[in-house]
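Everything on this sheet refers to the single structure shown next.
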Amino acid sequence: MSDIIQLLPDHVANQIAAGEVVQRPASVVKELLENAIDAGATEIKLILKEAGKTLVQVIDNGKGMSVTDARLSFERHATSKIRSAEDLFQLNTKGFRGEALASIAAIAHVELKTKQEADELGTQIVIEGSTVKSQDVVVTPKGTSVAVKNLFFNIPARRNFLKSNTVELRHVTDEFHRVALAHPSIGFSMFHNGSELFSLNSSNYRQRVVNIFGTKTNEKLVPVEETTEVLKVSGFVGKPEFSKKTKTEQFFFVNDRFVKSPYLNHAINAAFEGLLKDGYHPSYFLNLTVDPKTIDINIHPTKTEIKFDDEHTLYAILRSSVKHSLGQFNIAPVLDFESDANLDTPYDYKDKSGKTPTITVDRSFNPFKNDFQQVKTHSRTGNQLKTQAHWESLYVGLESKSNASPIDFSEVTYESDTKTESIFKSNEVTQEKTTYQLRQKYIVSTIKSGMLIIDQNRAHQRILYENLLKQLTSKEATTQQLLFPLNISFSTSDTTIVKQLQPDLEFAGFEFSEVKEDQVIITGVPVGVPESEVSIVFEQLISDVENDVPDQNFSASDLLAKSMAKSLAIKTGQTLNAEEQEHILNSLFACKEPSVSPTNKTTFITLGVDDIEKKFM
Ligand code: ADP
Ligand code: MG
C-alpha cells in the first residue's frame, strides 16, 4: 500500500490555526491592538465597519517594521518577541506565538502599511487568503496600520456563525475596554461606521475607568492598594451599594493583561461577603503584578486564562486587601481629580475633627409590608433606601405636604455636634414635648440657660445646604429614577444655564436623558426631592444664576446647593409636628455653621433666664 500521510499546505494549516486564534471580529481587534502596544505605540486608533465584519483597522504610532520584517510578519511562527523557549518565562509582551497575523491573513483581505522612524519610505503589503497580492513602497507616517477586510470571506460556515452587528460590536467593545483599561497611559480611540464611540486620552487609572464607564463611576470607586513580596495589587472595587446584577464591570489584569480567573473572582466575592444582596455582583478593576516566572498564560490560545504557581497565597492577599479597603471607604475621602473639594467648601472644616461614621439601620424594615412597595419605586435598591433615611428625612416637611408616605423618625439617627452640646446640658431637649411651634414660623425650645427660638425656614435651609454641598463635593448623591420622565420647557438662554450646570446637577443626583434647545428631559432626581418640586428647583436655580454676578469665588456647587436649599426648605406658614420640630433642631446643631442661613441670615436666637427675669421686674 502506498503512503497516505501528507504535509498540509501552508494556507490550509494557517486556516486551521486561524480557527483557534480568530473566532470573531473581536479576536482580530484584540490581536491587532496587542501588536500595537508591543510596538510601543502611544496613540492607537481602532476603526470598524459593520461591527468589524467588513473592516477592522488598527493604526498605531509605534516602532513600525522594516521591509523584510513586514513580509515575515505574515509567516507562521514569525515573531520578534521570543528567541528561545526560556524567553517564555520572562515575557513582557502580549504576543509571542507569531500566529496572529498569519492566521488573520489566511481568512481575510489584509492591507498592511508600516514605516520605521529612520526610514524615508514605508512598505505596503496586500494579502488575500495567505496569498501576497502586492508589495509596494509607500509614503506613510511612522508606525503601522493593519486593515482587515471581509473576515471569513473564504470560510462561509464561519461567516454565517457570526452574530448580529449589535452582538459583535459588544464583543469588540469589551475587548477594546480590556486593552484600554490595562494601558491607561496610551491614548485610544474607537470609530464605528464613521462615528467616534470612544476617545480616551492618556491618563491615570482612575480617569481611564471613569472615561470608559461614565462620570458617575467616580463616586463609587474604592481604591485598593497592597504590596507584598509575591504580589502587588492596585486598582479599585465598587462600593457595595453600586453592585450590579450583571458581571460587566469585573476586570482582573495580571501584568497588564486581561485575564479571567474564577478562583480570584471568588476571592473578591469572599471579601464582599455580607455586603451584597443575593444575585448582585461586585464591580472591580484590579491590576495584579507578579513575577512573570510564576505564571503561565500560554494554556489557552486566546490567552485569557492563567495559571499561578501559588494560587492560595494570591487568594488570601487579594481577599484581605479588598476587605481592608471596603472597611476604610466610609471614612476615606473620595479622591477627586476634577476639583479640590476644599475649594468648594466655603467654611473651614480644617480645624474640626472627623466625625465617626454612623450607620442607620432600619430595624423595623419588613419587605412584606405593603407600604414598602410604594416607597421602593422611588429608589433603585432597597439597600439605598435604608442608607438614605437620613437624607430623605431632611425633606420631611415637603414629604408631608405632598402627602407622600410618612417617614418614621424613630429610625433616623441624628448626629450631634459635641461643640454645641453645652447649651443642651440638661436632658430637657431630648425629653418629650420640649419644642413648640410659634405662628408656623418659629420653633421654640428650652435650654439650660433659658430659651431658644429657631427660624424654621432659615434653619432648614442651612441643614439642606450643608448636606447638598457635602453630596456635591463628594459626589455621593443617590438618584431616584422617575417612572415617567419629566419634560420641562425653557427659553434658550435658560437651557444654556442648565447646560452649564449639568455636571453639578448630575453630581447632585439629577439625571437627564436630553438637554435640547428649549426643553430638558429629566429621568432621575436626587433622592428625597419630590417630583412636584423639580420645576420649582429649576426656576429658582435659573433666577439665582441670573442674579448672581459670578466672581473669582464663583462656585457652581455652592450656588446650586444654596439655590436648592432655598427652594426645598420648609417654608414659613407650614405646620410641623413635634418630631419634625425636634429633627430641625437636632440637625441644625449638627451643622458646621448653625447660626446663620446659607445667605447669612440669623437662624436662631437665645433668650437667657436673666433677660426673661428682667422683663418681670
Ligand atoms: P506575535 O505578536 O505573537 O509576535 P503576530 O503574528 O501578532 O505575532 O506578529 C508577528 C510580528 O509582526 C510581531 O512579532 C512583530 O514583530 C510584528 N508586528 C506585528 N504588528 C506590528 C505592529 N503594529 N507594529 C510593529 N510590528 C508589528
Ligand atoms: Mg501579536
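In each ligand, atom 1 is the first atom listed, and ligand 1 is the first ligand listed. If you read the sequence from its start, that first residue is 1, and numbering goes on from there.
- Tested against Tyr284, the residues Phe242, Phe253, Phe252 include a single ring-ring contact (aromatic ring centres under 6.0 Å, His included) partner, Phe252.
- Side-chain contact check for Glu226 and Ser321: no donor-acceptor pair (N or O, by modelled atom type) lies under 3.5 Å.
- The proximity of Thr144 to ligand 1, defined as any non-hydrogen pair under 4.0 Å, is limited to the side chain.
- Taking the side chain as every heavy atom from C-beta outward, Val58 and Val29 never approach each other to under 4.5 Å.
- A cation-pi geometry, defined here as NZ or CZ lying under 6.0 Å from the six-membered ring centre and within 45° of its normal, does not hold between Lys239 and Phe236.
- For Asp38, no nitrogen or oxygen atom sits less than 3.5 Å from a nitrogen or oxygen atom of ligand 1, counting backbone and side chain alike.
- The shortest separation from a heavy atom of Glu99 to ligand 1 is under 4.0 Å, placing the residue in contact.
- Counting heavy atoms under 4.0 Å from ligand 1, residue Asp60 touches it through the side chain alone.
- Residue contact annotation: Met65 has a non-hydrogen atom under 4.0 Å from ligand 1.
- For atom 9 (O) of ligand 1, the nearest non-hydrogen atom from the set Leu33, Leu112, Asn35 belongs to Asn35.
- The ring-ring contact (aromatic ring centres under 6.0 Å, His included) test applied to Phe213 returns His177, Phe251, Phe285, not counting sequence neighbours.
- The shortest N or O to N or O distance between Ala102 and ligand 1 is not below 3.5 Å.
- Judged purely by distance below 3.5 Å, without hydrogens or angles, the side chains of Gln135 and Thr123 never pair a donor atom with an acceptor atom.
- Those atoms of ligand 1 that come under 4.0 Å of a heavy atom in Ala100, given as number and element, are 6 (O), 7 (O).
- For Ala39, every heavy-atom contact with ligand 1 shorter than 4.0 Å involves the side chain, none the backbone.
- Legend: residues meeting ring-ring contact (aromatic ring centres under 6.0 Å, His included) with Phe153, ordered by chain and number and at least two apart, are His109.
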